[in-house]
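Inspection log for the structure reproduced underneath, given as structure tokens.
Below, chains carry the letters A, B, ... as their sequence lines are ordered, and counting in each starts from 1.
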Amino acid sequence: MPHFSDELYRKTFHHTSAHILAHAVKRLYPSVKLAIGPAIEDGFYYDFDHDDTFSPEDLIKIEDEMQQIVKEKIPLERFELSRQEARALMDEKGETYKIELIDDLPDDTIISFYRQGDFVDLCSGPHLASTEPVKAFKLTHTAGAYWRGNEKNKMLQRIYGVSFPDKKQLKIYLEQLEEARKRDHNKLGRELGFFTTTEYIGQGLPIMLPKGARVLQQLQRFVEDEEEKRGYQLTKTPLMAKSDLYKISGHWYHYRDGMFILGDQEQADTEEVLALRPMTCPFQFQAYLTRTRSYRDLPIRYAETSTLFRNEASGEMHGLIRLRQFTISEGHIICAPEHLESEFKDSLDLASFMLKSIGLDEDISYRFSTWDPNNREKFIGAAEQWDLAQNAMQGILKDLSIPYKVGFGEAAFYGPKLDIQIKNVFGKEDTLITIQIDFQLAERFQMTYIDRDGSKQHPMIIHRTSIGCYERTLALLIEKYSGALPLWMASEHARLLPIAERHFDDAQKLADQMRQAGLRVTVDDRNEKIGKKIREGQMDKLQYMFILGDREVTENSLSVRSRLDGDLGSLSVDSVVERLKREIDEKRVR
RNA sequence: GCCGCUGUGGCUCAGAGGUAGAGCAGCUCACUCGUAAUGAGCAGGUCGUGAGUUCGAUUCUCACCAGCGGCUCCA
């Protein structure tokens, strides 16, 4: 008997669960048309074309029907049909979406179906032998989904579910989901006062509150200092530019939907208008173009903590993950072909160093995003240039033995990308870092350098980020550490908790002293019991709390409570300062 | 943008076709306290915004705004 921990078995299990879902829906709502219903990471979904909407009550009814189908222990039988027979069968059942799928199958495909009782579905399989093992499941939520993921097509109704061989595993899963909800940066980050949003400012435009802003400042300082050490030059470029600039770069034609164009939209094509920048590249290219460059000048590494604006669709914004305004650790390396490999590797090394320093180096994966030669609208440049860029990148990845999956057609419009992907607390994947090779834009901007032989050459460009987008990185940090960020980046290193009013002055003096030593220390001088101050400090996710009462004042000491190490007892003020400073300087993450 | 759900004082949430409650937070007072919530009192909301239905709506309808889950896209 295969085990649920086996990926293929699990997938099969989930896939059969999807069929059980569809079977139940067809029993309850015979007029519903079936679209697709695959297994996904933790479960399955099925897309239906249904005239009414599935309400939460409907989901309960469907679950009950699914229970019944499992109880009936219906066997699943595979059978194959010719294309014509398959079409006829689906036509008879009115399954128009299935017919479309059949018509799109390549000629040599074996067209298979699975029958479970009175339910038949086009499916390549494999499936469980019977509905019986699907003992525990839950329909978790519904969502709209376009047929074939294309917004021009009809929107279908998707039902998501999870399933397990027994109730205990389902219970554990649901509990884990509950735990994940508590870490959700969008909830926790607001609760803890990292950021907020207001309807008067708008979607995707967060206000970083003092706590969040301080963290971002620490990260930014760290990034900028490290980049300076690694030979980057800083630029500070405008947040907007004339449309002319974007016409040269190609953004005007390939990224326009994502741009905020100022002024009269109607006249934007004929009049000169300004647009907020969605990327920094063309701006830093202008910096390069200020003088004639020699091969001796290369590589030039420009870095900038760069605020960008992208007009995301209104339904797309999410917490600090997807924003309309965000700040990225941007950079462009303008180099000669012989530098490409080492500069790319250095960029990757810098990104890896950053992720390690903030503790996000685990749970990452690599994606090599290529162009799609059949979608020329989306990309600029000649096929040979793409091949050149992609081969270069692929060679480097192979050289570094970096395992990657391919994101076909997901390149930037000007070049292939290496994306470092990370999963959030709910297992959803997002891009944290991207490093891109660009053989196109230098030519468009007529960027050149004088080579050894006196000839003019176009440089190559690496677009890269070192720590990604600050807001998104913060979101992942909040989730990773449940809001208790590593000391070096925390907005509040420690809080002094005086026991009674007579200790307030001493606490303030001590806090001043510690601030002079470079620690971010506050004092809780409310007239509250020490138990309450500790409780609130704990809920604020403080790494350190210092308790100050008669004993400590006499001894010039502090009672230290560490979030990670517990009660450390009474320590001298000097040794406490020493301890925290060391932890900060070492940028300890845990 | 599209589909679905949601929107009550700073936060978490009750509530009902006849113009609203609780806990926490806040403020005041008392207590001056030793490792996860001291007690009492006070104050705070035109129930997201606008329009419609109705004798009357915060409760019903519609639109808009915002939040959540997805689709598509992406840092």
- Item | Between C1' of B:U35 and NZ of A:Lys529, the distance in whole Å | 11 Å

- Query: Partner of B:G21 by Watson-Crick or G-U wobble geometry, both contacts under 3.5 Å, or none?
  - Reply: B:C13

- Query: Taking the same atom, P, in B:C65 and in B:G50, what whole-Å distance lies between them?
  - Reply: 15 Å

- Starting from P on B:A75, measure out to NE2 on A:His251 and report it in whole angstrom. 10 Å

- To the nearest Å, give me how far apart CD (A:Glu528) and P (B:C24) are. 12 Å

- Taking any strand in view, what nucleotide pairs with B:G7 in a Watson-Crick or G-U wobble way, both distances under 3.5 Å? B:C65

- Rounded to whole Å, CD of A:Glu410 lies from C1' of B:U72 at a distance of 12 Å

- Message: Does A:Tyr160 reach a base, just sugar-phosphate, or nothing at all? Heavy atoms under 4.0 Å.
- Response: sugar-phosphate

- Query: Looking for any heavy atom pair under 4.0 Å, which part of the strands does A:Asn150 touch: base, sugar-phosphate only, or nothing?
  - Reply: nothing

- Query: Which is true for A:Arg322 with a 4.0 Å heavy-atom rule: it touches a base, it touches only sugar-phosphate, or it touches nothing?
  - Reply: base

- Item | Integer-rounded Å distance: B:A36 C1' and A:Lys541 NZ | 13 Å

- Rounded P spacing from B:G67 to B:U61 in Å: 23 Å

- Item | Expected output: side-chain A:Asp349 to main-chain A:Asp346 donor-acceptor under 3.5 Å | no

- Query: Can A:Asp419 and A:Thr431 be counted as having a side-chain donor-acceptor contact under 3.5 angstrom?
  - Reply: no

- Item | Sugar-phosphate, base or nothing in reach of A:Glu552, heavy atoms under 4.0 Å | base

- Message: Counting only heavy atoms from other residues, nucleotides and ligands, does the tally under 6.0 Å from CZ of A:Arg579 exceed 12?
- Response: yes

- Task: Write down the distance between CZ (A:Arg367) and P (B:C74), rounded to a whole number of angstrom.
- Result: 8 Å

- Using a heavy-atom cut-off of under 4.0 Å over every strand shown, decide if A:Gly149 touches base, sugar-phosphate, or nothing. sugar-phosphate

- Do A:Arg367 and A:Glu429 meet the salt-bridge criterion of a basic N to acidic O distance under 4.0 Å? no

- Euclidean distance for C1', B:A22 against B:U8 (whole angstrom): 12 Å

- Task: Give one of base, sugar-phosphate or nothing for A:Lys152, where a contact means two heavy atoms less than 4.0 Å apart.
- Result: nothing

- Query: Quick one: are the ring centres of A:Tyr29 and A:Phe48 less than 6.0 Å apart?
  - Reply: no

- Message: Distance check, C1' atoms only: B:U49 and B:G7, in whole angstrom units.
- Response: 11 Å

- Summarise how protein sits on nucleotides 1-13 of chain B as a single string, 5' to 3': B when a protein heavy atom is under 4.0 Å from the base, S for sugar-phosphate-only contact, - for no contact. BBBS---------

- Message: Between A:Tyr160 and A:His141 (judged by ring centroids, cut-off 6.0 Å), do the two rings come close enough to count as a pair?
- Response: yes

- Of A:Tyr414, A:Phe413, A:Tyr302, which meets ring-ring contact (aromatic ring centres under 6.0 Å, His included) against A:His463? A:Tyr414

- Residue closer to the 5' end of RNA chain B, A:Arg551 versus A:Thr197 (nearest nucleotide): A:Arg551

- For atom C1', what is the distance between B:A57 and B:G18, given to the nearest Å? 9 Å

- Message: Between B:C74 and A:Arg310, counting only base atoms on the nucleotide and side-chain atoms on the residue, is there a donor-acceptor pair under 3.5 Å?
- Response: no

- With salt bridge (Lys or Arg N to Asp or Glu O under 4.0 Å) as the test, would you mind laying out the steps for A:Glu227 and A:Arg464 before giving the verdict? CA-CA 12 Å; A:Glu227 287 176 338; A:Arg464 48 100 273 177; 3.0 Å; yes

- Whole-Å gap separating P (B:G70) and CD1 (A:Ile321): 12 Å

- Message: Over all strands shown, is A:Leu432 touching base, sugar-phosphate only, or nothing at heavy-atom distances under 4.0 angstrom?
- Response: sugar-phosphate

- Along RNA chain B (nearest heavy atom to each residue), the more 5'-positioned of A:Ile534 and A:Arg148: A:Ile534

- With respect to the side chain of A:Arg190, which nucleotide from B:G34, B:A25, B:G67 is positioned closest? B:G67

- Message: Test your reading of the model: is there a side-chain donor-acceptor pair from A:Gln543 to the backbone of A:His493, 3.5 Å cut-off?
- Response: no

- Query: Is there a Watson-Crick or G-U wobble partner for B:G39 with both distances under 3.5 Å, and if so, which one is it?
  - Reply: B:C29

- Query: What is the pairing partner of B:C73, taking Watson-Crick or G-U wobble pairs with both distances under 3.5 Å in any strand?
  - Reply: none

- Roughly how far apart, to the nearest Å, are B:A43 and B:G48 at atom P? 24 Å

- Note on the structure: Scanning all shown strands, the Watson-Crick or wobble mate of B:G44 with both distances under 3.5 Å is none

- Task: Rounded off to whole Å, could you give me the CD1-to-C1' distance for the A:Ile530 and B:U32 pair?
- Result: 12 Å

- Can you check whether A:Phe137 and A:Phe44 have ring centres sitting under 6.0 Å from each other? no

- Checking all strands, does A:Thr473 fall into the base, sugar-phosphate, or nothing category for heavy-atom contacts under 4.0 angstrom? nothing

- Message: Taking B:C64 as the reference, what is the distance to B:C71 when you measure between their P atoms (whole Å, please)?
- Response: 24 Å

- Query: Counting only distance, no hydrogens or angles, is the base of B:U35 paired donor-acceptor with the side chain of A:Arg561 under 3.5 Å?
  - Reply: yes

- Message: Of the options B:G67, B:G70, B:A75, whose atoms approach the side-chain atoms of A:Leu323 most closely?
- Response: B:A75

- Message: I want to check a possible cation-pi pair here: A:Arg230 against A:Phe353, using under 6.0 Å from ring centre and within 45° of the ring axis as the test.
- Response: yes

- Task: May I ask you to verify if any side-chain N or O of A:Lys533 is less than 4.0 angstrom from the OP1 or OP2 atom of B:U32?
- Result: no

- Who is the Watson-Crick or G-U wobble partner of B:U58, with both distances under 3.5 Å? none

- Query: If we take the P atom in both B:G41 and B:C47, what is their distance in whole Å?
  - Reply: 29 Å

- Identity of whatever pairs with B:G34 - Watson-Crick or G-U, under 3.5 angstrom: none

- Query: With a non-hydrogen cut-off below 4.0 angstrom, is A:Asp257 in contact with a base, only sugar-phosphate, or nothing?
  - Reply: nothing

